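Let me begin by presenting the structure, written as structure tokens, before commenting on it.
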Amino acid sequence: MEKKKMDLRMVKYFLLATVLILGIRYFDVLLGGAGRLWSIAAPLVMGGIIAYVLNLIMCRLERLYFPKTKSKAVIKSRRPVCIVLSIVLIGAVIFLVFRLVIPELVSAIGIIGSGIPVLFSQATAWAEENAEIFPGIAQELQDMKIDWNAIGENVLNYLKAGVGGFLNSTVSIVGSVVSSVINFTISLIFAIYILSSKEKLADQVGRMLRAYVKPAWRTLGKRILGTANETFSSFIIGQVTEAVILGTLCTVGMLIFRFPYAPMIGAFIGATALIPVVGAYLGAVVGVIMILTQDPLKAVLFVVFIVVLQQLEGNLIYPKVVGSSIGLPGIWVLAAVTVGGGFLGISGMLLGVPLAATVYKLLRDDVNGRIGG
């Protein structure tokens, strides 16, 4: 009996070594196959993510949708109505943010582009007036002799030359847009199917796990998934709540202090505040640039206002709304944002914190269980 176990173990090690060697030998082929598999499965994975986010809203709407009714028609309509309302709410928020931000941002970029020559001329005149204080600066500005008309012509010629390349790539651009729209539509339909029959799907998955997975592994998987679900749901709800509060406070404060672009900058800072730690500062940079086109002094005052608002948000709002809900120390929040952003950009920043919080909680519970802490 012992010999059979040893032989079976040797066979397992041999197969594992063979798979490892073949994986290293044909790594490029496996990588290409994984890429193709991901491109096929991506709409379904995105649909699962959309379903998870929509479910957070849908569950709360279902508790508000005639909770004490006895009417079968109302009860039957609860799920589809709440699914539609969840999609409409998220779509309305996204549309409102883009409607407030994009037109004003385009206008500000145009103002910045037309204002640079004027700003340079003013700086040159100021330096010449104060030549005895800054003699070197005045001389340098005079020697530069920037021909803004020539620069404008060069930019125009460059844009004309790029039109041909743009037209040549129009077909591929249109193809990419159509492909993205199709993938998003598939993802949304898949998400709706998941939400409409989530109880049935959960029961089917549970039956399959009971049939093929050992009880110990089921318990471990349930604990991991339960912790991940608790962390991700708390993070998403808390982060969205915090972003709404910060965006509202920013807009109200800017209106009180009569800063320009108050609704647009407030909405933009609220949207970027969805990215933990650094998001609001990214939005503030855009706000400073836009206010600078109207009034440089107000841009400086806006920086002071944002610093004070960020201190209020970081010390009072974030710990109460988000920090306590995910249970992750501040140093690991910053590390998760940095590492996640390095790997996956903005998506990594958004996913890094709840993922790190999940791993942190699991490790903490395991360590405490082993040492009795």
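Side-chain atoms are counted along with the backbone in the values below, which use heavy atoms only and exclude waters and symmetry mates. Source: prediction; values computed, not measured.
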Between [atom1] on residue [X] and [atom2] on residue [Y], distance to nearest 0.5 Å:
| X | Y | atom1 | atom2 | answer |
| --- | --- | --- | --- | --- |
| Phe305 | Lys298 | CZ | NZ | 13.5 Å |
| Leu44 | Asn183 | CG | CG | 9.5 Å |
| Leu61 | Leu85 | CG | CG | 6.0 Å |
| Ile189 | Ile194 | CD1 | CD1 | 12.5 Å |
| Leu274 | Ile236 | CG | CD1 | 10.5 Å |
| Leu309 | Ile269 | CG | CD1 | 7.5 Å |

Any side-chain donor near an acceptor of the partner, Tyr65 and Ser77, under 3.5 Å: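 A donor-acceptor contact under 3.5 Å links the two side chains.
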Shortest non-hydrogen separation from [X] to [Y] and the atoms involved:
| X | Y | value |
| --- | --- | --- |
| Ser196 | Arg79 | O-NH1, 3.9 Å |
| Ala228 | Tyr52 | O-OH, 4.5 Å |
| Phe66 | Arg78 | O-NH2, 2.8 Å |
| Ile306 | Cys250 | CD1-SG, 4.2 Å |
| Thr251 | Ala267 | OG1-N, 4.2 Å |
| Gly48 | Phe190 | N-CD2, 4.2 Å |

Which of parallel (below 30°), tilted (30 to 60°) and perpendicular (above 60°) describes Phe302 and Phe259? perpendicular
Shared hydrophobic cluster for [X] and [Y] (ILVMFWY, side-chain gaps under 4.5 Å):
| X | Y | value |
| --- | --- | --- |
| Ile90 | Leu195 | yes |
| Val53 | Leu188 | yes |
| Phe257 | Tyr261 | yes |
| Ile245 | Leu282 | no |
| Ile224 | Leu209 | yes |

Sidechain-backbone polar pair: [X] side chain, [Y] backbone, donor-acceptor under 3.5 Å:
| X | Y | value |
| --- | --- | --- |
| Arg60 | Leu56 | yes |
| Ser187 | Pro43 | yes |
| Asn368 | Arg364 | yes |

Would you say the side chain of [Y] lies within less than 4.5 Å of the side chain of [X], judging by non-hydrogen atoms?
| X | Y | value |
| --- | --- | --- |
| Ile192 | Ile87 | yes |
| Val286 | Ile265 | no |
| Gln239 | Val353 | no |
| Thr248 | Val244 | yes |
| Trp38 | Val45 | yes |

Determine, stepwise, if the pair Lys198 / Met58 fulfils side-chain contact (heavy atoms from CB on, under 4.5 Å). CA-CA 12 Å; Lys198 63 176 185 176; Met58 186 190 74; 3.7 Å; yes
For Tyr360 and Thr231: C-alpha separation, side-chain torsions, deciding distance, then whether side-chain contact (heavy atoms from CB on, under 4.5 Å) applies. CA-CA 10 Å; Tyr360 178 84; Thr231 303; over 6 Å; no
Might you confirm whether atom NZ of Lys222 has over 12 heavy atoms from other residues, nucleotides or ligands at distances under 6.0 Å?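 Check fails, neighbour count at 12 or below.
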I would like to know whether Phe268 and Thr272 meet side-chain contact (heavy atoms from CB on, under 4.5 Å); could you show each step before the answer? CA-CA 6 Å; Phe268 190 70; Thr272 56; 4.0 Å; yes
Intermediate values then yes/no, side-chain contact (heavy atoms from CB on, under 4.5 Å), Leu89 and Val93: CA-CA 6 Å; Leu89 282 174; Val93 171; 5.7 Å; no
